[in-house]
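When reading the values below, keep in mind they use all heavy atoms of this one structure, side chains included, and skip hydrogens, waters and symmetry mates. First the proteins, then the strands, lettered A, B, ... as listed; each starts at 1.
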Number of protein chains: 2
Amino acid sequence: MTLTIGKLSKTTGVNVETIRYYERIGLLTPAVRTESGYRTFGEREAERLRFVKRGRELGFSLEEIRTLVELADQPGQPCAEVDRLAEGHLAEVRQRIADLRRLEAELERLVGCTESSVRECRIVEALSGGR
Amino acid sequence: MTLTIGKLSKTTGVNVETIRYYERIGLLTPAVRTESGYRTFGEREAERLRFVKRGRELGFSLEEIRTLVELADQPGQPCAEVDRLAEGHLAEVRQRIADLRRLEAELERLVGCTESSVRECRIVEALSGGR
DNA sequence: CTTGACCCTGTAGTCGCTACAGGGTTTAGC
DNA sequence: GCTAAACCCTGTAGCGACTACAGGGTCAAG
């Protein structure tokens with residue numbers, strides 16, 4: 001049950017070059033190669049890649065995922081550090097949401113300008129320093 | 001009332017290297033130079049830089065700002081395009097908020113794991129493919 | 001046996017800066 | 001007048017997380 005990089009890409013939904021990139025930065029262990037130099041992957045590798053992918057989908061950085069992967073490889077350890085990491089990340093996400101909401105409110109105030117000329121446009125005015 | 005790049009940086013709150021960067025990519029017109037090659041800026045240039053800065057604070061990309069600057073320079077034109085740009089941007093901001101909210105909800109479900117070991121940790125489990 | 005689909009490496013591009021290195025210039029204090 | 005600090009210059013490289021080539025080698029179907 002070994003896969004080429006193309007097959008692995010299909011089954012995981014991760015781009016071929018992204019997989020190579022992950023290997024290059026050491027997030028995936030160097031793949032076993034065929035005689036001709038092609039990478040081969042087994043179920044273990046596919047699992048790990050899916051782990052990384054889900055981490056990305058949850059918005060973790062690759063550095064955070066690197067830590068999470070290491071932690072996940074030590075099932076006997078307490079999960080406090082995992083939880084701390086996730087909480088920190090959640091806090092960041094909330095901060096980003098708050099920032100974007102402020103932006104949203106300000107943009108809402110500006111759009112829908114029906115002035116006939118840029119001279120009177122309240123968007124341009126706001127950008128130019130008017131309030 | 002001419003300013004050096006350092007003074008301009010202080011009065012606008014934009015980093016010196018960022019100002020140079022904006023000039024390099026053509027977002028600011030090339031600054032007038034002194035004999036010894038130092039950039040000098042007047043009120044016009046300061047205004048324009050503040051325009052760019054406010055655009056960034058509203059989350060516009062530099063490309064969008066480039067367009068906005070050009071539009072703002074043609075006060076006779078209708079402001080429909082400005083408005084269209086701002087609305088498109090608002091839609092993007094809303095999309096990003098929606099995405100982050102989904103993330104937030106998922107992370108909320110996961111954090112606060114008090115298991116004693118990584119083996120049982122629901123965060124690791126979620127990343128490993130469990131739900 | 002050819003053709004097309006796949007694989008390889010290495011490098012450069014994206015965005016919006018930021019941080020040097022290695023120089024030249026100006027200014028403030030003595 | 002001199003020196004040292006503070007400023008300015010260019011050019012290049014780095015960040016994160018990919019993506020997109022170029023220029024080659026390999027494999028499988030018909």
Side-chain angles (χ1 to χ4, degrees), chain A residues 2-28 30-41 45 48-69 85 88-89 92-93 96 99-100 103, chain B residues 2-28 30-41 45 48-69 89 92-93 96 99-100 103:
Chain A
T2 65
L3 301 164
T4 62
I5 198 168
K7 300 268 157 71
L8 180 63
S9 170
K10 281 233 171 77
T11 69
T12 58
V14 178
N15 218 317
V16 166
E17 10 257 304
T18 304
I19 298 170
R20 285 199 279 250
Y21 170 71
Y22 286 166
E23 182 186 297
R24 195 162 68 245
I25 65 170
L27 196 55
L28 304 178
V32 175
R33 304 289 183 120
T34 64
E35 270 178 42
S36 58
Y38 283 24
R39 289 174 182 82
T40 58
F41 304 88
E45 285 74 32
R48 178 140 170 185
L49 181 56
R50 272 190 281 265
F51 186 102
V52 172
K53 193 196 179 196
R54 279 189 212 101
R56 289 297 295 141
E57 283 164 0
L58 287 172
F60 288 100
S61 71
L62 293 183
E63 268 326 294
E64 286 168 333
I65 292 170
R66 195 192 296 273
T67 306
L68 286 170
V69 166
L85 219 155
H89 180 54
E92 265 175 48
V93 167
R96 286 218 305 269
D99 291 347
L100 286 171
L103 233 69
Chain B
T2 66
L3 300 165
T4 62
I5 199 168
K7 301 267 158 71
L8 180 64
S9 170
K10 279 229 173 79
T11 69
T12 58
V14 178
N15 218 317
V16 167
E17 8 258 301
T18 304
I19 297 170
R20 285 200 279 250
Y21 170 70
Y22 286 166
E23 182 186 297
R24 196 162 66 247
I25 64 170
L27 196 52
L28 304 178
V32 174
R33 304 292 183 118
T34 66
E35 269 178 44
S36 59
Y38 283 23
R39 288 175 182 82
T40 57
F41 305 87
E45 285 74 30
R48 178 141 171 183
L49 181 54
R50 274 190 280 266
F51 186 101
V52 172
K53 192 194 180 198
R54 280 188 212 102
R56 289 297 296 140
E57 283 164 0
L58 287 172
F60 288 99
S61 73
L62 293 183
E63 267 326 294
E64 286 167 334
I65 292 170
R66 194 191 298 272
T67 305
L68 286 170
V69 166
H89 180 53
E92 263 176 48
V93 168
R96 286 219 303 271
D99 291 348
L100 285 171
L103 234 67

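- Set against C:dT18, D:dT10, C:dC8, the side chain of B:Tyr21 has C:dT18 as its closest nucleotide.
- Summary of the strand contacts: B:Ile5 and A:Arg20 both lie near DNA chain D, and taking for each the nucleotide with the nearest heavy atom, the more 5' one is attributed to B:Ile5.
- Closest contact between the side chain of A:Arg39 and the listed nucleotides D:dC18, C:dC8, C:dT26 involves C:dC8.
- Put simply, CZ on B:Arg33 is 12 Å from P on D:dC8, counting in whole angstrom units.
- Atoms CG (A:Leu3) and P (C:dC6) sit 15 Å apart, rounded to a whole Å.
- When the side-chain nitrogen and oxygen atoms of B:Ser36 are compared with OP1 and OP2 of D:dC8, none of them lie within a distance under 4.0 Å.
- The side chain of B:Glu17 sits closest to C:dC20 out of D:dC8, C:dC20, C:dT25.
- Counting only heavy atoms from C-beta outward, the side chains of B:Val14 and B:Arg50 never approach each other to under 4.5 Å.
- At whole-Å resolution of the value, CG in B:Leu8 and P in D:dC9 are 11 Å apart.
- When the nearest nucleotides of DNA chain D are assigned to A:Glu35 and A:Thr18 by heavy-atom distance, the more 5′-ward of the two goes with A:Thr18.
- Two residues, A:Arg24 and A:Gly37, neighbour DNA chain C, and the one matched to the more 5' nucleotide by heavy-atom proximity is A:Gly37.
- Side-chain contact between B:Tyr22 and B:Ile65 is absent, with no heavy-atom pair separated by less than 4.5 Å.
- Distance B:Glu23 CD to C:dC17 C1': 16 Å, rounded to the nearest Å.
- In this structure, the CG atom of B:Asn15 is 15 Å from the C1' atom of D:dC7, given to the nearest Å.
- Within the 4.0 angstrom heavy-atom criterion, no nucleotide atom of any strand lies near B:Ile25.
- A salt bridge does not link B:Arg20 to B:Glu23: none of the charged nitrogens lies less than 4.0 Å from a carboxylate oxygen.
- At a cut-off of 3.5 angstrom, counting only N and O atoms as typed in the model, there is no donor on one side facing an acceptor on the other between the side-chain of B:Tyr22 and the base of C:dG16.
- B:Thr34 comes within 4.0 angstrom of no nucleic acid atom, judged by non-hydrogen atoms across all strands.
- Distance from the side chain of B:Arg56 is smallest to C:dG16 among C:dG16, C:dC8, D:dC8.
- Salt bridge absent: B:Glu57 and B:Arg54 never bring a charged side-chain N and a carboxylate O closer than 4.0 Å.
- Nearest nucleotide to the B:Tyr38 side chain, out of D:dT10, D:dC8, D:dG25: D:dC8.
- With rounding to whole Å, B:Phe60 atom CZ is found 17 Å from C:dC15 atom P.
- Between B:Lys10 atom NZ and D:dC7 atom P there is a gap of 6 Å when expressed in whole angstrom units.
- Here the C1' atom of nucleotide C:dC8 and the CD1 atom of A:Ile19 are 14 Å apart, to the nearest Å.
- Remark: the backbone N or O of B:Thr12 is paired with a side-chain donor or acceptor of B:Lys53 at under 3.5 angstrom.
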